[in-house]
Undergrad: 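One structure, pasted below without further comment.
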Amino acid sequence: MSVKLTIIEQMERIGREHGKILPPLRDDLVLADCGLDSLGFAVLVARLEDTLGVDPFTAAEDAVFPVTLGDFVKVYEHGMR
Amino acid sequence: MACVDAPSLRASVGALTAPGFLHDPVASVRYTDLAHGTIFGGRLAEFAGRSVLLACGGQLISALALIELDGVARRIVILPPDVERKHVPAIAATAGIDAAVTDAAVTDAAVTDAETDIGAMPDIATCVVVESRITPQPDVLPAVSTEWLMLTSGTTGVPKLVVHSLAGLTAAIRARSAADGAAVWATFYDIRRYGGLQMLLRALLGGASLVLSSASEPVAAHLARLKAHNISHLGGTPSHWRRALTSPAIHGIAPRYVRLSGEIADQAILDALRAAFPHAAIGHAYASTEAGVAFDVNDGRAGFPASYVGAVRDGVEMKVTDGTLRIRSPRMAVRYAGNDNALAGTDGFVDTGDIVELRGDRYYFAGRRGGIINIGGLKVHPEEVEAVINRHPSVRMSLVRRRQSPVTGSVVVADVVLKADARGGNGREIALKDDILKFCHAELPRHKVPAAISFVAALNVAATGKLARR
């Protein structure tokens with residue numbers, strides 16, 4: 001499964017677990033509007049660390065702040081290289 | 001030298017009419033033979049009035065040495081086998097050690113590793129290597145009151161030395177009854193830790209036999225040995241019990257009394273033991289090296305009745321201050337050795353550091369004060385999450401720990417051991433993870449639900465019998 005599909009699947013799963021209805025998960029979706037709160041994102045990063053084997057935010061030397069879902073996916077794609 | 005305020009252990013053992021045995025995997029010793037015999041072969045007098053480091057590899061030999069040294073040595077430091085050897089010189093210095101008892105297991109190790117050579121340590125005037133062979137005619141020595149020093153568990157760095165008296169250590173043990181002689185006790189604990197020492201003293205004072213554990217013995221072999229000795233009473237930590245329940249050999253034993261102590265006994269483990277031993281009395285006890293034995297709970301439910309707090313029960317007083325359990329009792333330790341930190345507050349109560357929560361008419365243990373995980377400002381006790389996960393029908397045991405998070409500072413993640421019949425292929429594991437998460441969401445606020453679950457084959461249980469938390 002691609003990195004992008006893995007991320008989207010996990011977001012939808014966490015949304016269901018947390019009882020949140022997420023908007024369509026497109027690349028230009030602003031993360032702040034995606035329906036997951038900071039705890040939801042914390043869970044997402046932890047799950048992705050287990051499935052993709054990397055936490056690019058903790059590993060990064062500089063702070064990374066993706067704005068859109070597309071940016072978020074790129075951080076992971078970059079982090080896995 | 002302090003005068004004697006209670007009969008020595010040897011005198012108590014000598015007064016028994018129904019003598020029991022101490023059993024380890026290779027030997028059985030009738031401990032009442034020590035009333036008229038010795039393992040020291042005429043050298044016990046060398047320990048008179050000394051501060052003795054008891055550093056044997058084996059539990060049986062340690063028990064026999066304790067019976068002889070009590071009332072002879074000024075002080076006995078009971079060294080558990082898992083203590084890092086690099087800490088031993090500091091422990092010896094703190095306790096003013098000037099004599100030592102070791103066995104072949106320890107001296108053999110010293111041949112290859114000079115650091116472990118206790119006999120060569122400075123200030124040790126006499127070091128006797130003993131074996132569990134009793135020869136007649138012990139030395140007759142003037143009786144003294146002996147301090148028993150135990151090491152705290154669960155701390156990092158050099159363990160603290162806690163000073164007890166035999167009177168305090170045995171205060172929770174009721175006068176022996178006629179049934180004691182026929183009882184065969186066993187424990188998963190090492191007798192050099194508080195929970196195990198309680199079992200040993202209970203057996204020695206009551207005349208019951210005791211089947212000792214052995215660190216190197218596989219669970220199934222240990223359970224087979226318990227079956228062979230037809231044990232009637234068995235005690236250990238909840239982690240010990242969860243591990244034993246993973247072995248089919250558990251069905252070979254039929255204890256009349258099952259005891260848990262040393263960790264939180266959650267409802268899941270109490271129910272699992274009830275199912276495994278439908279006819280046994282099942283009790284969980286609260287005790288710590290510092291506070292001593294505080295209370296037993298025998299109604300099969302987790303936690304303890306709220307009425308225990310604020311009352312004096314068997315001389316033990318409990319109160320809850322700032323959310324933690326405080327205990328004042330004649331069973332608690334006297335002081336720390338070589339450490340000016342007070343064991344108890346000015347009011348005489350020991351702060352156990354165990355956080356309790358009142359729900360209805362009962363207090364429940366929530367976890368350790370030092371173990372709290374902070375998730376974006378919200379607090380979680382790993383133990384409360386484990387208690388929920390452990391109630392899932394497919395789960396045998398679990399460990400909840402902190403993982404660093406770039407978003408909330410921390411999240412909680414869980415390592416889970418499944419019951420044998422719940423293990424399966426990859427597809428089944430994914431469905432099971434979802435089901436456990438659903439189970440947690442139904443019971444816990446969102447931040448306490450594990451962010452991730454990993455299935456593991458086993459969890460590391462420390463030599464203390466407690467789940468190893470890093």
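All values derive from a computational prediction rather than experimental measurement. Proteins get letters first, then strands, A, B, ... in listed order; numbering begins at 1 in each.
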Undergrad: Do the ring planes of His392(B) and Phe439(B) sit parallel (below 30°), tilted (30 to 60°) or perpendicular (above 60°)?
TA: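 Ring orientation of His392(B) relative to Phe439(B): perpendicular.
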Undergrad: Tabulate, in ascending numerical order, the residues of residues 44-53 of chain A having at least one heavy atom closer than 4.5 Å to a heavy atom of chain B, or enter 'none'.
TA: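 Val45(A), Ala46(A), Arg47(A), Glu49(A), Asp50(A), listed by number.
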Undergrad: If you apply the rule side-chain contact (heavy atoms from CB on, under 4.5 Å), what do you find for Ile389(B) with Val400(B), and how did you get there?
TA: CA-CA 9 Å; Ile389(B) 297 172; Val400(B) 168; 3.9 Å; yes
Undergrad: For the side chain of Thr237(B) and the backbone of Lys466(B), is there at least one donor-acceptor N/O pair under 3.5 Å apart?
TA: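 Side chain of Thr237(B) to backbone of Lys466(B): no pair is present.
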Undergrad: Side chain to side chain contact (heavy atoms under 4.5 Å, CB included) with Glu217(B): which residues, sequence neighbours excluded?
TA: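 Side chain to side chain contact (heavy atoms under 4.5 Å, CB included) list for Glu217(B), sorted by chain: Pro25(B), Ser214(B), Ala221(B), His222(B), Arg225(B).
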Undergrad: Between Arg362(B) and Asp299(B) (salt bridge meaning N to carboxylate O under 4.0 Å), is one present in this structure?
TA: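 Between Asp299(B) and Arg362(B) there is a salt bridge, with a charged N closer than 4.0 Å to a carboxylate O.
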Undergrad: Would you mind checking if Arg469(B) and Glu386(B) are paired as a salt bridge, meaning a charged N to carboxylate O distance below 4.0 Å?
TA: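 Yes, Glu386(B) and Arg469(B) are salt-bridged.
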Undergrad: If you tally heavy-atom pairs under 4.5 Å against chain A, which of Val449(B), Leu437(B), Val413(B), Ile453(B) wins?
TA: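 Max contact count across the listed options: Leu437(B).
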Undergrad: What part of Arg403(B) lies closer than 4.5 angstrom to a heavy atom of chain A: side chain, backbone, both or neither?
TA: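 For Arg403(B), the side chain is the part near chain A, not the backbone.
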Undergrad: Specify the closest pair of heavy atoms between Val411(B) and Ser405(B), including all atoms of both residues, with the distance to one decimal.
TA: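 Result for this residue pair: CG1-CB, 3.9 Å.
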Undergrad: Between the side chains of Arg428(B) and Asp435(B), is the shortest nitrogen-to-carboxylate-oxygen separation below 4.0 Å, so that they form an ion pair?
TA: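 The answer is no: the pair does not qualify as a salt bridge.
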Undergrad: Residues two or more places apart in sequence or in another chain: which of them pass side chain to side chain contact (heavy atoms under 4.5 Å, CB included) with Ser288(B)?
TA: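 With sequence neighbours excluded, Ser288(B) shows a side chain to side chain contact (heavy atoms under 4.5 Å, CB included) to Glu290(B), Ala291(B), given in chain and number order.
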Undergrad: I need the contact set between residues 13-29 of chain A and chain B: heavy-atom distance under 4.5 Å, sorted by residue number.
TA: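 Contacts with chain B: Arg13(A), Glu17(A), His18(A), Lys20(A).
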Undergrad: Just by distance, with hydrogens left out, do Arg402(B) and Ser410(B) show a side-chain donor and acceptor under 3.5 Å apart?
TA: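 Yes, side-chain donor-acceptor contact under 3.5 Å.
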Undergrad: Which atoms of Leu378(B) come close to chain A, meaning under 4.5 Å heavy atom to heavy atom: side chain ones, backbone ones, both, or neither?
TA: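 Neither; nothing under 4.5 Å.
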Undergrad: Val309(B) versus Phe304(B): any side-chain heavy-atom pair under 4.5 Å?
TA: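 They are in contact (side-chain heavy atoms under 4.5 Å apart), so the answer is yes.
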Undergrad: Does any backbone or side-chain atom of His441(B) lie under 4.5 Å from a heavy atom of chain A? Answer side chain, backbone, both or neither.
TA: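 For His441(B), side-chain heavy atoms alone lie under 4.5 Å from chain A.
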